[in-house]
Amino acid sequence: MTKEETLKALLATDLTDAQWKKSSFSGSTGQDCLEATRVDGLGWVLRHSILNNQMIPLTDSEYAAFCAGVKAGEPGLVP
């Protein structure tokens with residue numbers, strides 16, 4: 001499967017029963033939340049807790065690279 005096919009498959013996945021995870025640093029209001037869920041065999045899907053019908057698909061390697069950049073404090077990824 002090409003990367004484009006994988007990303008399209010992620011967006012086509014029925015996520016009705018997905019277990020969305022948000023950071024414990026998001027606060028208690030539910031207004032500042034980036035949520036993520038893993039789709040086995042395909043990758044990750046990100047969404048905002050308010051605009052939760054707009055999703056961003058990421059392969060496992062893309063998600064891992066982004067998380068590594070945040071953990072490393074790369075400029076432009078962290079405030």
Side-chain angles (χ1 to χ4, degrees):
M1 185 179 295
T2 68
K3 183 177 275 197
E4 183 177 353
E5 289 169 335
T6 300
L7 296 173
K8 287 180 179 180
L10 281 163
L11 290 177
T13 300
D14 180 4
L15 298 173
T16 303
D17 295 324
Q19 299 297 310
W20 293 94
K21 178 69 178 160
K22 66 179 182 174
S23 169
S24 60
F25 295 94
S26 295
S28 60
T29 66
Q31 301 295 305
D32 296 320
C33 305
L34 176 64
E35 302 173 328
T37 193
R38 175 119 190 352
V39 178
D40 287 338
L42 291 174
W44 293 82
V45 179
L46 306 179
R47 72 178 187 181
H48 192 281
S49 57
I50 294 174
L51 299 175
N52 58 21
N53 63 334
Q54 298 180 27
M55 302 191 193
I56 300 170
L58 297 170
T59 63
D60 285 330
S61 61
E62 291 168 335
Y63 186 70
F66 181 80
C67 290
V70 170
K71 286 179 185 177
E74 288 185 4
L77 295 183
V78 294

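What you are looking at is a predicted structure, and each value in this text was computed from that prediction instead of being measured. Below, all heavy atoms of this structure are taken into account, side chains as well, without hydrogens, waters or symmetry copies.
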If you look at every heavy atom in M1 and A9, which pair is closest and at what distance? SD-CB, 4.5 Å
Using the rule that Ile, Leu, Val, Met, Phe, Trp and Tyr join whenever any side-chain heavy atoms are under 4.5 Å apart, tell me whether F66 and V78 fall into a single cluster. yes
Can you establish whether the number of heavy atoms outside Q19 located under 6.0 Å from its atom CD is more than 12? no
If we only count heavy atoms from C-beta on, is the V39 to W44 side-chain gap below 4.5 Å? no
Tell me, yes or no, whether the heavy-atom count around D17 atom CG, taken from other residues, nucleotides or ligands under 6.0 Å, exceeds 12. no
If you measure from OG1 on T2 to CG on L7, what distance do you get to the nearest 0.5 Å? 8.0 Å
CG of L46 to CG of L34: how many Å apart, nearest 0.5 Å? 5.0 Å
Nearest 0.5 angstrom please: L51 CG to N53 CG, how far? 7.0 Å
Any L15 side-chain heavy atom under 4.5 Å of V45 side chain: yes
Nearest 0.5 Å, please: how far is CG in L11 from CD in Q54? 11.5 Å
To the nearest 0.5 Å, how far apart are NZ in K3 and CG in L58? 9.5 Å
Would a hydrophobic clustering, with Ile, Leu, Val, Met, Phe, Trp and Tyr connected at side-chain separations under 4.5 Å, put Y63 with I56? yes
In sequence, state the C-alpha distance, the side-chain angles, and the governing distance for T13 and M55, and then conclude on side chain to side chain contact (heavy atoms under 4.5 Å, CB included). CA-CA 11 Å; T13 300; M55 302 191 193; over 6 Å; no
Is the shortest heavy-atom distance from the side chain of R47 to the side chain of T37 under 4.5 Å? no
What's the separation between atom CG in N52 and atom CD in E35, rounded to the nearest 0.5 Å? 7.0 Å
